[in-house]
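I have placed the structure first, in the form of structure tokens, so that the comments after it can refer back to it.
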There are 2 protein chains.
Amino acid sequence: MGELINVAQERLRAQGGRMTIQRRLLFSILDSLGEHPTAEELLLLARKQDPDLNLSTVYRTLRWLEAESLVSSRVFAEERRQERFDAALPSEHHHFMCTNCKDVIEFDTDLFGAIKGQFQELSGAKVETGSIVLYGLCSKCRQTKNGNNLNLETE
Amino acid sequence: MGELINVAQERLRAQGGRMTIQRRLLFSILDSLGEHPTAEELLLLARKQDPDLNLSTVYRTLRWLEAESLVSSRVFAEERRQERFDAALPSEHHHFMCTNCKDVIEFDTDLFGAIKGQFQELSGAKVETGSIVLYGLCSKCRQTKNGNNLNLETE
DNA sequence: AAACTTATTGCGAATCATTTGCAATAATTA
DNA sequence: TAATTATTGCAAATGATTCGCAATAAGTTT
């Protein structure tokens, strides 16, 4: 989409940060990627273009983006120890993860507002954010029912 | 409620497992506790009655309960990203976490089925499970501080 | 364009949450 | 009561993420 790179660059400049080649690379991958990579998957992807890129840099960049609300992260069930990241720019969206191929699909729903409203009324709380995660078999795996994973192997 | 202990004991017996004092203790705490403790918090609670209880035992017990679908776990957006566990017996329910006091409130909604349906139709996937997590200020914190904690005072 | 300032990097070691191997212990059964 | 073996506690291992620090490079000033 090209959105993230520009916004990030602006924010960087605004706070005296520097647009390094590592950051530019990571921004652009996150921006164009339709997936929800872990830090390590992102590293692997980025290393195709910058083989010396370090995992620490990936994490530092992701955390900065997260603090700027340009990236969001979540831990899916069954992957209790790893976060998955995605560009948060098309603001509020929810996720489905296929329990077979682990693919993540984003979706939106008009019913989320109603759920927030329901809960607020019931509890007296003020809901700021939230998200829905669904699990099941994606249409592909439903048909084939054999596990082919995310293709991140080099070339 | 006393539900979990009985069900767990039955399952244990059915698979040649043993009802140890550690397990009985953990079952009963989980059963009566209205909270969503981390493994470590659960250990601390349990040690009041069995000071030698070990963290490994807590994890092993929780994992067994999870495998039996008697406990469920999730990772909330917190600084320490550890799993929080709760007795899963009142089957499908969702969670709200107060960003100020970190309290977790369970809730249910009739709209969740509709959301699953929406997504299934849209994507061709078969949704098996899922959950909603909301974040915000609980009614108590709303009154007393209205979000004057560290960084999250957007409204 | 060279010199300068300091944010950022890569690296290795540290930390945090969770898991595992194993010898000792204790719950069940005979 | 003894025999069998599931379970425990401990310590060490693992996997994900973070941190300290010296070297490097982005942006600025001359």
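Values below: every heavy atom of this structure, side chains too, minus hydrogens, waters and symmetry copies. Lettering follows sequence order; numbering is per chain, from 1.
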Where the side chain of [X] is concerned, which of [options] is the nearest nucleotide?
{"X": "A:Arg81", "options": "D:dG9, C:dT19, D:dG27", "result": "C:dT19"}
{"X": "B:Arg18", "options": "D:dT5, C:dG10, D:dC10", "result": "D:dT5"}
{"X": "A:Arg23", "options": "C:dT8, C:dA17, D:dT8", "result": "C:dT8"}

What nucleic acid atoms does [X] come within less than 4.0 Å of, heavy atoms only: base, sugar-phosphate, or nothing?
{"X": "B:Arg60", "result": "base"}
{"X": "A:Leu53", "result": "sugar-phosphate"}
{"X": "A:Ser56", "result": "base"}

Taking only the side-chain nitrogens and oxygens of [X], find out if one of them lies under 4.0 Å from OP1 or OP2 of [N].
{"X": "A:Thr20", "N": "C:dT8", "value": "no"}
{"X": "B:Gln22", "N": "D:dG9", "value": "yes"}
{"X": "A:Arg80", "N": "D:dT14", "value": "no"}

Using whole Å, what does the distance between atom P of nucleotide C:dC11 and atom CG of A:Asp50 come to?
10 Å

How are the rings of B:Phe85 and B:Tyr59 set to each other: parallel, tilted or perpendicular (split at 30° and 60°)?
perpendicular

Centre-to-centre under 6.0 Å for B:Phe96 and B:Phe107, is that the case here?
no

A:Leu137 backbone acceptor or donor facing A:Asn100 side chain under 3.5 Å:
no

